[in-house]
Amino acid sequence: MDTRTLLQWPIIRQLTGDDPFGRGNAVTSEATASMTPRTADADSVANSVCPYCAVGCAQLVYGKDGRVMHVEGDANSPVSRGRLCPKGAASEQLGNSPLRQTTIRYRAPYATEWTDLDYDTALDMIADRVLEARRNHWEDADDEGNTLRRTMGFASLGGATLDNEENYLIKKLFTAAGAVQLENQARI
Amino acid sequence: MTNSDFDAYRPPQPERKRRRRRAAGEVRRTGAGDGSREQPMVDDIQFDSYYGRPIVKAPPWKAPIALYLFVGGIAGASSLIAAGADATERPTMARNARLTALGAVLVGTGALIEDLGRPERFLHMMRVFKPSSPMSVGTWILSTFATASGVAAAGEIDSLLDEKLPLGPLRGVLQAVDGPAGAVSSALGAPLATYTAVLLGDTAVPTWSGARHGLAFVFGSSATMAASGAQLLLTPTAETGPARALAVAGVVGDLVGMHYTKSQMHPLEAEPLEEGEPGRLLKISEGLAIAGGIGALLGGRNRVVAAASGAALLAASALTRFGVLNAGLESVKDPRRVVEPQKARLEERRKAGVTDDSITTAG
Amino acid sequence: MSLLSGPEGPITDAGWGHEHHRKGFFTDTSVCIGCKACEVACKEWNQNPADGERKILGSSYDNTGALGANTWRHVAFVEQDGDRIEEARESGRRLVSLGMPGIGPKESRTAEDGAPLDLTGADRSHPDTPEFRWLMSSDVCKHCTNAGCLDACPTGALYRSQFGSVVVQQDICNGCGTCVGACPFGVIERRDDGTISPKGSRDERFDQDVPEMGTAHKCTLCTDRLIDGEIPACAKTCPTRSISFGDRDEMVADARERVAQLHERGMTEARLYGANEKDGVGGTGSVFLLLDEPEVYGLPPDPQVPTAGLGSMWKRAGLSAAGMIAATAIAFAAGRK
Amino acid sequence: MAEAHPVAFQWVMEAKRRGATLIHVDPRFTRTSANSDKHIALRSGSDVILLGAVIKHVLDNDLWFEEYVRAYTNISTIITDDYLDTEDVDGVFSGFDPETGTYDTSTWAYEGETEKVDRGLPERDETLQHPRCVYQILKRHYARYTPEMVEEYCGISREDFDYLVDAIVANSGRERTTVFAYALGWTQQQGGSQMIRTSAVLQLLMGNVGRPGSGIMAMRGHANIQGATDLPTLFHILPGYLPMVKAGQESFAEYTRGVGRKEQKGFWANADIYTANLLKAWWGEHATVDNDFHFDYLPRLTGAHSTYQTLGRMLENKLDGYFIMGQNPVVGSANGRLQRKGMNNLKWLVVRDYYMIESATWWKDGPEVESGEIASEDIGTEVFFLPCANHMEKAGSFTQTQRMVQWRDQGALPPDDATSELQFIYELGQRIRAKLKDSTDERDRPLLELTWDYPVDEHGEPDAEAVLMEINGRYLTGEKAGQPLPGFAEMKADGSTEGGCWIYCGIFKDDVNQARRRKSREEQTLVAPEWGWAWPMNRRVLYNRASADPQGRPWSERKKLIWWDEEQGKWVGNDVPDFPLNKRPDDPGDPSKGGPAALAGTDAFIMQPDGRGWLFAPTGLADGPLPAHYEGPESRVPNPLYAQQSSPTGIHPQHGKDNLNAPGVKPGGDVYPYVFTTYRITEHHTAGGMSRFLPYLSELQPELYCEVSPELAEQLGLEPYGWMTIITARSAIEARVFVTERMRPLEIGGQTIHTVGLPYHWARGKQAIVTGDAVNDLIGINLDANTQIQNSKNNQCAIRPGRRPRGEALRELVREYQERAGIVEIDGQIHDATPQASHNAEDLEHTIEHADIQSDYMTKPPPSKVDESEQKGGTR
């Protein structure tokens with residue numbers, strides 16, 4: 001034990017410093033002395049918005065190694081002033097919950113279990129099915145001869161937690177494909 | 001207006017009530033939401049709690065700690081007996097007492113470490129010396145005592161084995177410090193046995209906290225009684241005369257001490273010492289102590305009776321520690337044991353004209 | 001206060017000098033909406049494990065139960081009817097009539113005509129007692145001036161920071177548990193558990209990563225955040241500023257002003273908890289405005305730091321030890337061969 | 001609001017600190033009530049009675065804001081003499097066709113020469129004496145809505161009613177304003193649109209629209225539910241609230257004229273421009289003036305195609321595939337059992353989510369599989385589960401509840417296979433186009449000619465800003481070619497500009513992503529115009545012309561927002577004026593021009609064809625120009641106001657025996673004696689997909705409970721925190737008993753009405769951290785005719801202590817109650833006892849026919865933006 005280490009022995013610090021009772025700076029460890037908030041390790045801070053209700057509270061997303069390490073409110077926001085409700089405050093867990101499903105799963109018709117599928121195959125299968133469903137239920141005109149130019153073969157539900165840009169592209173692509181049964185939470 | 005078919009026959013409507021108001025004297029429903037309510041112990045004090053949930057927490061101390069309280073007492077008192085035996089030239093008892101002290105302190109240390117959340121960090125206890133922490137003070141007492149007892153006992157063992165321990169040149173050192181070590185261990189024996197009362201008393205646990213006025217006497221007596229009992233068990237009757245006397249003194253101290261302790265407590269604080277499992281342990285302990293005391297007093301010259309009495313006293317002491325520990329653990333479960341004594345003492349101070357020391361203020 | 005339980009200037013006592021003001025919370029339960037954001041933000045920042053039983057606890061909307069090793073903010077919910085509200089108002093009125101010191105800032109203590117405001121009669125001007133109320137209150141470590149846990153810690157793991165907060169050093173604590181019993185508020189606890197695993201038959205089960213097992217845990221006042229000039233996670237997230245944070249002096253002043261406001265509206269049930277330096281723990285770092293007796297919220301009505309009695313306890317232990325020595329000496333002296 | 005929007009509630013608490021009075025009207029005492037000055041419990045579904053009585057009080061006592069109302073509303077407008085009120089037709093309006101359950105709304109029109117009415121200049125009687133002027137109609141219509149009626153049928157005492165009315169009156173006028181905030185408590189009712197309309201009528205009367213601290217706030221429930229309505233994934237509209245094309249509208253001109261006539265007042269007169277820019281954005285060079293911008297590429301509607309009609313197609317095996325993206329319909333939609341049944345019939349299903357939600361796993365661990373009613377092996381649906389990126393793992397924008405668009409930067413990378421919807425839909429589009437590239441089929445041309453080329457990053461993620469730029473729009477010709485449009489006023493219908501959504505035009509003004517602005521609130525005014533961007537044109541308060549008096553002066557100093565500055569010759573103030581900037585307050589408008597130029601200087605409601613706020617809505621609503629009270633579809637209370645029991649236009653597809661209604665006031669109604677209302681709580685989020693999988697949220701509210709009054713608990717022998725079973729005509733579930741005085745019985749029309757409350761966040765499955773029965777299994781599909789939104793807030797149930805039966809016995813229990821109520825015969829023949837039996841369709845297609853909400857939409861100008869969000873969005 002060298003002298004420096006010995007001098008760091010809290011008892012010595014108790015006897016020599018301002019904290020004889022050992023309730024303050026005499027007893028701190030090196031880790032305590034060099035304490036920083038854990039966000040000090042973050043390598044990015046992104047301006048974001050809470051994904052739950054529509055109040056639109058501003059969030060700061062602290063990232064490290066490509067993952068979210070912490071989320072808190074942005075005090076600059078005129079809407080939320082940095083505050084978050086319990087759901088907003090749990091946003092980090094929304095991304096990092098151990099229950100998150102991060103790989104593609106596929107259930108064949110009448111199967112009792114999931115299997116795995118790679119992205120490219122899945123996308124290809126879905127594209128085929130969209131085209132088939134579109135064909136199967138294509139309607140050129142109604143009984144009175146009015147143009148319909150649509151398909152009733154597939155539908156889509158969702159969008160209220162998706163971005164504007166995403167909703168726009170969903171509407172654009174599916175409308176161009178002739179689909180009309182496009183809906184989201186706003187109806188529910 | 002209405003288009004009900006039964007309009008004309010509608011019975012007179014009771015006067016519309018905005019919300020059900022409780023008539024005076026009507027019994028409150030339980031579980032209706034405003035926390036649990038129980039019958040007040042004292043008529044003019046209404047007892048409220050947050051759904052009957054505990055207010056304070058008991059430390060996470062289990063059987064090893066009770067064992068530690070017990071053997072710590074034995075160790076401490078045994079070292080005193082060893083000193084007495086040395087001084088009065090009772091070598092067998094001196095040796096037995098020293099070895100008892102060492103064995104007990106080793107078991108105690110083991111138990112203490114066992115009960116830590118992070119046993120590998122036991123040595124962190126040595127970082128500081130905190131006069132405000134009975135555990136810190138106690139640990140220093142314990143470690144010094146253990147070291148000293150170890151040295152003293154090593155000397156005993158060495159001489160017992162006719163210096164056959166492979167000590168080499170260290171034997172000289174051992175023989176030189178043997179005496180002082182014994183003295184240190186004797187000096188720390190009594191504090192070792194009684195500091196644990198402070199350890200328990202220095203908590204917010206109602207029963208322990210309430211027992212703070214007398215618990216040291218109970219623990220000191222109990223330790224004395226147990227250590228004496230150990231010698232009655234281990235040492236031939238020829239040398240155990242003082243131990244018998246001590247045993248009797250210990251029993252008396254234990255009984256009187258416990259009575260005194262309870263007399264200083266709020267009834268709700270004392271209750272766990274008398275009821276339930278801890279109460280039962282303490283009742284058995286009391287019986288065993290009395291039996292052991294009588295046995296030691298009257299039949300102490302008989303080796304068998306002495307041994308039996310010794311065992312009874314040891315058991316009594318052990319049960320006292322388990323009883324007191326468990327009574328404390330039990331006492332936190334009912335928030336009444338926190339709220340009522342505190343309200344009572346607050347009320348008492350207010351009656352005495354002290355109105356400026358409440359944690360609740362109007363501004 | 002005795003020397004052992006610490007003097008009134010906790011920061012100075014801890015050897016920090018006057019680098020920082022003592023920090024603290026003011027939790028104003030009269031504006032708490034019971035959203036529990038404080039609980040979640042606290043757990044997220046401190047990475048505390050979820051430890052709920054995943055069962056309804058039978059205490060209104062509170063399924064957290066109490067403060068503990070993994071829960072450093074706890075929101076209490078209490079449903080009360082009109083009778084109970086009247087009782088609370090009455091008990092608050094009694095407090096006022098005790099003539100306690102330092103009630104409210106001066107300017108709000110006088111009526112418009114300059115005469116002293118007679119708060120004991122304030123209820124008469126108040127609108128009707130509501131028929132029902134739902135109290136919500138976020139509890140937290142009190143960061144006492146005279147902190148039982150801090151005093152009792154044998155390893156120096158607990159220390160008083162430069163901000164006046166009482167903090168466990170996780171690299172030091174060996175889990176002896178002494179602090180747990182020493183807290184008069186039942187706040188600190190040893191972390192012995194805290195896992196979540198889904199009860200269903202998921203393909204892969206998982207256990208939550210539980211850091212720092214076996215050591216004592218409690219609110220740190222987000223001391224790590226304070227170092228960077230941030231405020232504690234709970235105070236930052238609180239939507240309605242029911243939890244505010246700042247210099248303890250200011251918190252107490254705010255609390256006094258707020259309670260005076262409420263009293264002026266006839267809400268005599270409002271009272272402060274922890275603002276009195278003369279109480280059994282020397283005043284708390286976390287001050288609360290309550291609307292009923294403390295025990296209704298699960299708070300002790302007259303907490304005292306155990307170490308306040310330490311001198312007397314050591315005296316008795318010494319006496320007992322002396323008794324042991326004397327008894328032994330007498331026994332051997334009398335029995336000398 | 002404290003429950004579901006806690007952070008927004010900070011402003012309410014702030015206002016309360018400053019002396020605002022906060023009143024909470026709700027059947028339940030919630031966390032909002034706990035923090036309000038007053039909680040007023042009303043019987044669920046009786047809102048129009050209450051608000052109607054407030055309107056009557058205000059009219060009878062001349063308490064309305066006369067100067068405001070006369071200048072800015074249609075109070076003096078005269079209605080055609082074909083119009084018959086509910087007063088005249090005993091509970092329905094003129095134009096009702098009982099066969100179809102729909103209205104021909106033509107009789108609700110303004111009086112006047114067609115030419116003048118079309119120009120927004122109907123006949124008026126400024127003396128308000130004309131018997132057919134809106135003022136007189138209003139007075140007659142609400143004459144029945146008395147405080148006594150409120151006391152008897154809402155369960156609100158006279159005292160409380162007076163408190164409410166006095167507070168509204170005292171807090172309205174020049175110096176003060178009142179605001180109404182609502183959420184699903186209104187939208188999820190059959191008749192919910194009219195509840196919102198009632199508050200709109202009241203707010204207009206009190207001068208509480210277009211002013212700071214005024215209005216009707218729809219507290220919307222999802223991060224981007226506003227954006228998903230503006231840039232709609234909804235069947236009935238295109239971006240910017242342009243309606244979807246209806247079968248029969250063969251030409252661009254016919255369609256755009258239906259949306260807005262060139263000669264009408266205000267900004268809908270430019271519907272052709274907005275449409276042309278949208279089409280141009282979608283089909284680029286292929287869309288030209290000559291081919292009507294390929295208007296012909298748009299698919300047409302033949303009725304309602306909402307999620308509930310789509311469910312009908314599923315049940316009839318007429319739908320092959322379904323995309324579910326960030327939704328959990330088997331939990332969140334009405335009649336969950338039916339939703340699952342429908343999904344059993346799909347050929348394929350794509351679910352995109354973060355977690356294994358119940359809508360992805362119903363075939364494996366759904367309630368029917370659990371009970372043995374159906375086996376996994378019998379379900380032929382092919383399921384793709386695709387993990388998706390969350391809001392932190394992609395860049396993009398959300399539009400919050402006040403129409404403010406906020407951009408999010410990317411903070412992390414999506415894990416493993418997870419992708420954004422942007423990437424998925426983009427790549428799916430590319431894949432589909434690749435597969436069709438050699439197609440010569442005419443029907444594939446819209447896909448092949450679609451502008452579908454966005455820059456992507458190294459992970460394949462499209463640049464969301466490029467998409468936003470397309471939404472904003474660009475100049476295509478001239479020296480500014482390629483530059484973003486600064487606002488929709490720059491849009492042209494000649495192919496020289498394009499823009500995907502006219503109301504978002506300007507969001508990329510100055511080539512800056514305005515939604516990304518984050519100037520601290522400390523550094524700007526309270527209006528905070530430099531934080532994010534609000535459509536349209538960054539206006540924070542819509543119709544804010546009304547914040548100034550007719551002469552252009554603020555109504556009062558403390559309520560000023562914008563005003564006319566004579567020196568500068570323009571409107572100035574703290575917000576972007578929602579009015580033609582240089583139009584003087586005394587400008588008479590130029591009727592010959594149409595559009596914005598036709599607006600007079602006092603035509604504050606610039607989206608309305610007459611420039612006025614509509615107390616009386618001549619068009620735009622499917623169920624009446626004025627709100628009238630109807631009982632809920634299962635209500636056991638006879639309608640105290642009209643012979644018409646429940647909404648004459650309500651929609652109720654039966655789907656065999658799976659969507660029955662309780663008999664209500666008919667015999668057998670007493671089998672389901674209690675009202676249940678569903679709701680959300682702070683700790684969870686809608687169907688639980690974003691909360692039940694998170695440990696921190698799950699532990700806060702781990703189990704489903706049912707809130708019951710002590711009286712009902714005692715009556716039924718319910719043990720606190722024990723179990724109870726709730727049975728409806730659809731299904732039965734179990735919940736923990738939560739006895740609380742926050743629920744209380746009401747004496748209504750001579751009977752005691754017990755209401756119980758059920759939060760609906762839980763579901764049965766094996767994947768989430770906490771599970772419980774799904775409450776929406778209890779709810780039937782009874783839709784509002786305007787919105788196609790289900791009635792969740794007042795339905796009837798029976799209650800028994802203890803847990804529900806397992807296995808087959810559960811269906812037997814439900815059936816036993818159905819039989820006792822006489823809604824299903826022993827032999828399985830359905831006896832429909834629903835009050836509005838006149839148009840209960842057993843056939844879904846039939847239902848669609850007469851539920852067609854588009855009929856109004858297509859022929860009449862769409863309602864204003866405010867009305868739009870009220871009717872279509874409601875709030876989630």
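Order of the sequence lines sets the chain letters (A, B, ...), proteins ahead of strands, with each chain counted from 1.
- In summary, of the residues considered (B:M135, B:H124, B:M126), a side chain to side chain contact (heavy atoms under 4.5 Å, CB included) with C:T155 occurs for B:H124 alone.
- Most heavy-atom pairs under 4.5 Å with chain C, from the set B:L123, B:D115, B:I81, B:V248: that is B:I81.
- Only the side chain of B:L199 comes within contact range of chain C, with heavy atoms under 4.5 Å apart.
- Note that the CD atom of C:Q169 and the CZ atom of B:R127 stand 6.0 Å from one another [nearest 0.5 Å].
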Using distance only, find each side-chain donor-acceptor pair of residues 313-335 of chain C under 3.5 Å and give its atom names and separation, not counting sequence neighbours.
unit_1 : atom_1 : unit_2 : atom_2 : d
C:R316 : NH1    : B:H213 : O      : 2.9
C:R316 : NH1    : B:Y260 : OH     : 3.2
C:S320 : OG     : B:A216 : O      : 2.7
C:T328 : OG1    : C:M324 : O      : 2.6

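- Using a 4.5 Å cut-off between heavy atoms, B:V332 makes no contact with chain C at all.
- For B:A77, the parts lying under 4.5 angstrom from a heavy atom of chain C are both the backbone and the side chain.
- Looking at C:V252, there are no atoms closer than 4.5 Å to chain B (heavy atoms on both sides), in backbone or side chain.
- Put simply, the side chain of B:K57 gets close to the backbone of C:L67: a donor and an acceptor are under 3.5 Å apart.
- Of the atoms belonging to B:D202, heavy atoms from both backbone and side chain fall under 4.5 Å from chain C.
- Contact count against chain B (heavy-atom pairs under 4.5 Å) is highest for C:T178 among C:T178, C:L289, C:L150.
- Note that CG of B:D48 is 8.0 Å distant from CD of C:Q80, once rounded to the nearest 0.5 Å.
- The candidate with the highest count of non-hydrogen atom pairs below 4.5 Å against chain C, out of B:P119, B:P54, B:P59, is B:P59.
- For chain C, no part of B:M225 is nearby; none of its heavy atoms comes within less than 4.5 Å.
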For this session: Check the pair C:N276, B:I359 against side chain to side chain contact (heavy atoms under 4.5 Å, CB included), reporting the backbone distance first and the verdict last.
Result: CA-CA 6 Å; C:N276 185 1; B:I359 191 165; over 6 Å; no
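- Contacts of C:P184 with chain B are made by both backbone and side-chain atoms, with heavy-atom separations under 4.5 Å.
- For B:R244, no part lies near chain C; criterion is any non-hydrogen pair under 4.5 Å.
- A donor-acceptor contact shorter than 3.5 Å is absent between the side chain of B:R118 and the backbone of C:C173.
- When the candidates B:V205, B:V56, B:L192 are compared by the number of heavy-atom contacts under 4.5 Å with chain C, B:V56 comes out ahead.
- Atom CD of B:E114 is surrounded by 12 or fewer heavy atoms from other residues, nucleotides or ligands within 6.0 Å.
- Heavy-atom pairs under 4.5 Å with chain B peak, among C:V187, C:D292, C:L135, C:V180, at C:V180.
- Listed options B:I55, B:V137, B:V338 were ranked by heavy-atom pairs under 4.5 angstrom with chain C; first place goes to B:I55.
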Problem set entry | Step-by-step side chain to side chain contact (heavy atoms under 4.5 Å, CB included) determination, C:L290 to B:T360 | CA-CA 9 Å; C:L290 305 178; B:T360 314; 5.8 Å; no
For this session: Report the C-alpha separation of B:S209 and C:Q304 in whole Å, then their side-chain angles, then the decisive distance to 0.1 Å, and conclude whether the side chain to side chain contact (heavy atoms under 4.5 Å, CB included) test is met.
Result: CA-CA 10 Å; B:S209 167; C:Q304 285 180 359; over 6 Å; no
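- When each of C:G214, C:G175, C:C176, C:S59 is scored by its heavy-atom pairs under 4.5 Å with chain B, the top score falls to C:S59.
- With a 4.5 Å cut-off on non-hydrogen atoms, B:F219 does not touch chain C at all.
- Taken to the nearest 0.5 Å, the CD atom of C:E295 stands 4.0 Å off from the NZ atom of B:K343.
- Top candidate by heavy-atom pairs under 4.5 Å with chain B, chosen from C:P303, C:A275, C:G92, is C:P303.
- Note on B:A249, B:G76, B:A243, B:P131: by heavy-atom pairs under 4.5 Å with chain C, the leading option is B:P131.
- Counting only distance, with no hydrogens or angles, the side chain of B:K130 and the backbone of C:C153 share a donor-acceptor pair below 3.5 Å.
- Heavy-atom distances place the backbone of C:Y297, and not its side chain, under 4.5 Å from chain B.
- Looking at B:Y50, its side chain does come within 3.5 Å of a backbone N or O of C:F77 through a donor-acceptor pair.
- Between B:R53 and C:D62 there is a salt bridge, since at least one side-chain N of the basic residue sits less than 4.0 Å from a carboxylate O of the acidic one.
- Neither the backbone nor the side chain of B:A227 comes within contact range of chain C; no heavy atom of the residue lies under 4.5 Å from a heavy atom of that chain.
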